[in-house]
Amino acid sequence: MWDKILDKLQDAKKIVFVTGAGISQESGIPTFRGKDGLWRKYDPMQLATIDAFYDNPKLVWEWYEERRRNILDAKPNPGHLAISELAKYRDVSVLTQNIDGLHQRAGSKNVYELHGSIITIKCTVCSFKDKITTGFLQLPPLCKCGNMLRPDVVWFGETLPQDVWGSAMEKASSCDLMIVVGTSLAVSPANLLPVYAKQNGATMIEVNPEPTAVSQSMDLSLRESAANALPGLIDTISSF
Ligand code: BV8
Ligand code: ZN
């Protein structure tokens, strides 16, 4: 199995990573469905939908403020750093469901945030959008137009940013190696990206201690954590 894969790794020019909460787990950020997962303590439909926001904007803001503080205290781990390292040798793009910005903090450039970013806010009415630099005097914070500000993340039932999604589909459909790291692929349409790559004949690798919905269509499954598996895998790829 390895020798067949090694040839593919040697020839891989355009490499795409699809990542989820699992790659940030070893940075101390809880996953969603894992045993200490966020969705075990909080009902996503009570906190990550536009209706939940308008029902109780203060509660939803408190939850995102708590997560943002935790994320700003976190550091990229060897998994994030290995991906940014590989970009020195190959054409690498990162399609992430994570809103934590840790890929960018690890030095990765071509990062596509499918579900938005917890460090950006936008107005619920006007086109105001900005990076969060300071805490907020009041929750929910108000825009200068007087309307509520909200986290610039994609909530359930909301469409993904079309420019980002368009680029993600293009990258997935034209890559020759896709590495799926730390995601259960339970959420659509992000979970379609491996399908596009497979249809394009890409070599498929997953890094996840647990099997996922696409494990059977993988050419190689590394049942290890991201921080343990990625440095070795990237060394192998970049050694060619
Ligand atoms: C949309 C941002 C068009 C906010 C997020 C019914 C059936 C099917 C689909 C639907 C349905 N009803 C509605 C839908 C569509 C819905 C959907 O897919 N729902 C699911 C729950 C069934 N999708 C949407 O609504 C999307 N929009 O479709 O628009 C539309 C419009 C109207 C109506 C219909 C369609 C928008 C989805 C985006 C939601 N926002 N995040 C926030 O973060 O607060 S989703 C959020 O959850 C994350 O971004 C991520 O996408 C997802 C969590 O998944 P993972 O990241 O994979 O995390 P998880 O915990 O599940 O898994 C972690 C994995 O890591 C595990 O496999 C574990 O084994 C592994 N792991 C753990 N530790 C490690 C590790 N791996 C490596 N190393 C480790 N150390
Ligand atoms: Zn406004």
Side-chain angles (χ1 to χ4, degrees), residues 17-53 60-61 63-68 70-71 77-80 82 95-101 113-130 140-162 164-165 168 179-194 206-215 221-230 233:
F17 288 85
V18 172
T19 68
I23 196 169
S24 296
Q25 187 267 335
E26 292 158 289
S27 293
I29 299 172
T31 64
F32 290 76
R33 287 172 185 72
K35 64 182 175 344
D36 63 349
L38 277 172
W39 290 164
R40 295 207 185 263
K41 285 200 276 307
Y42 310 97
D43 171 0
M45 294 312 142
Q46 293 321 307
L47 290 161
T49 65
I50 191 72
D51 301 346
F53 180 70
V60 171
W61 260 109
W63 187 55
Y64 278 96
E65 282 301 279
E66 180 200 326
R67 291 173 62 190
R68 191 165 61 85
N70 181 24
I71 283 169
N77 64 57
H80 300 105
L95 314 179
T96 188
Q97 299 164 79
N98 300 343
I99 62 176
D100 57 33
E113 296 179 306
L114 303 168
H115 296 161
S117 163
I118 201 167
I119 53 179
T120 308
I121 48 176
K122 63 184 178 183
C123 180
T124 49
V125 175
C126 77
S127 61
F128 172 80
K129 186 182 273 203
D130 193 6
L142 299 182
C143 174
K144 60 185 179 310
C145 76
N147 291 291
M148 280 195 296
L149 293 171
R150 58 165 283 179
D152 183 20
V153 298
V154 180
W155 282 326
F156 288 99
E158 294 187 320
T159 52
L160 278 54
Q162 287 316 295
V164 175
W165 178 241
I179 304 175
V180 180
V181 186
T183 179
S184 60
L185 293 169
V187 170
S188 71
N191 56 7
L192 298 174
L193 295 168
E206 75 178 343
V207 176
N208 193 321
E210 310 290 328
T212 68
V214 297
S215 293
S221 295
L222 300 177
R223 291 275 167 264
E224 294 173 67
S225 79
N228 289 343
L230 284 176
L233 179 62

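Both counts, for ligands and for their atoms, begin at 1 and track the order of listing. Remember, predicted model here, so these are calculated numbers, not experimental data.
The closest side-chain heavy-atom distance from Asn208 to Arg223 is below 4.5 Å. Inter-residue side-chain proximity for Val154 and Pro161 is flagged as met; some heavy-atom pair is nearer than 4.5 Å. Looking at heavy atoms from C-beta onward, His80 lies in side-chain contact with Ser27 at the 4.5 angstrom threshold.
In the vicinity of Gly182, heavy-atom distances shorter than 4.0 Å reach the ligand 1 atoms 63 (C), 64 (C), 65 (O), 76 (N), 77 (C). Close contacts of ligand 1 with Gln97, meaning ligand atoms under 4.0 Å from a residue heavy atom, involve 48 (C), 49 (O), 50 (C), 51 (O). Remark: ligand 1 atoms within the under-4.0 Å shell around heavy atoms of Glu210 are 69 (O). Near Glu158, meaning under 4.0 Å from any of its heavy atoms, are these atoms of ligand 1: 1 (C), 26 (C), 27 (N), 29 (O), 36 (C). Here is the list of ligand 1 atoms found below 4.0 Å of a heavy atom in Ser225: 78 (N), 80 (N). Within ligand 1, counting atoms from 1 as listed, the ones closer than 4.0 Å to a heavy atom of Thr159 are 29 (O). Heavy-atom proximity to Glu26, at under 4.0 Å, picks out these atoms of ligand 1: 78 (N), 79 (C), 80 (N).
In this structure, of Ile99, Asn208, Val18, the residue bringing a heavy atom nearest to atom 67 (O) of ligand 1 is Asn208. Closest heavy-atom approach to atom 9 (C) of ligand 1 among the candidates Pro211, Ala213, Ser188: Ser188. Of the listed residues (Glu206, His115, Arg223), the one carrying the non-hydrogen atom nearest atom 45 (S) of ligand 1 is His115. Relative to atom 55 (P) of ligand 1, the option among Thr183, Ile23, Thr212 with the closest non-hydrogen atom is Thr183. Here atom 4 (C) of ligand 1 lies nearest to Val154 when heavy atoms of Thr49, Leu47, Val154 are compared. For atom 42 (C) of ligand 1, the candidate residues are Trp165, Tyr64, Trp63, Trp155; the nearest heavy-atom contact is made by Tyr64. When the options Ala186, Ala227, Gly79, Pro189 are ranked by their closest heavy atom to atom 20 (C) of ligand 1, first place goes to Ala186. Proximity annotation for atom 30 (C) of ligand 1: of Gly22, Gly20, Gly157, Gly157 comes nearest, heavy atoms only.
To the nearest 0.5 Å, the span separating OH on Tyr64 from CZ on Arg67 amounts to 5.0 Å. Atom OG1 of residue Thr183 and atom CG of residue Leu95 lie 11.5 Å apart, to the nearest 0.5 angstrom. To the nearest 0.5 Å, atoms CG (Asn147) and OG1 (Thr124) are separated by 5.0 Å. Residue Ser184 holds its OG atom at 11.0 Å from CD of Glu210, rounded to the nearest 0.5 Å. In this structure, the separation between CD1 on Ile179 and CG on Leu233 is 5.0 Å, given to the nearest 0.5 Å.
Glu26 places no side-chain N or O within 3.5 Å of a backbone atom of Ser24 that could act as its donor or acceptor partner. Looking at Asn98, its side chain does come within 3.5 Å of a backbone N or O of Gly20 through a donor-acceptor pair. No side-chain donor-acceptor contact under 3.5 Å links Trp165 to the backbone of Thr159. A donor-acceptor contact shorter than 3.5 Å is absent between the side chain of Asn70 and the backbone of Ile29.
Residue contacts with ligand 1 include Pro209, since one of its heavy atoms falls under 4.0 Å from the ligand.
At under 3.5 Å, a nitrogen or oxygen of Ala226, whether backbone or side chain, sits near a nitrogen or oxygen of ligand 1. For ligand 1, the polar-atom distance check finds an N/O of Ala21 within less than 3.5 Å of one of the ligand's N/O atoms. Of the polar atoms of Arg67, at least one N or O is found under 3.5 Å from an N or O of ligand 1, judged by distance alone.
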>> What verdict does the side chain to side chain contact (heavy atoms under 4.5 Å, CB included) test give for Leu149 and Cys143, after you've listed the backbone C-alpha separation in whole Å, the side-chain angles of each residue and the deciding distance to 0.1 Å?
In response: CA-CA 6 Å; Leu149 293 171; Cys143 174; 3.6 Å; yes
> Given the rule in the side chain to side chain contact (heavy atoms under 4.5 Å, CB included) test, do Ile50 and Arg150 qualify, once you have shown the distances and angles that lead to the verdict?
Replying inline: CA-CA 10 Å; Ile50 191 72; Arg150 58 165 283 179; 3.7 Å; yes
Could you go through residues 113-122 and list every donor-acceptor pair under 3.5 Å that involves a side-chain atom there, pairing it with any protein atom two or more places apart or in another chain?
from   : atom 1 : to     : atom 2 : distance (Å)
Glu113 : OE2    : Gln104 : NE2    : 3.0
Ser117 : OG     : Ile119 : N      : 3.1
Lys122 : NZ     : Asp152 : OD1    : 3.4

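By the criterion of a heavy-atom distance under 4.0 Å, the side chain of Gln25, and not its backbone, is placed next to ligand 1.
Distances from the Zn ion (ligand 2) under 2.8 Å pick out these protein N/O/S atoms: Cys123 SG, Cys126 SG, Cys143 SG, Cys145 SG.
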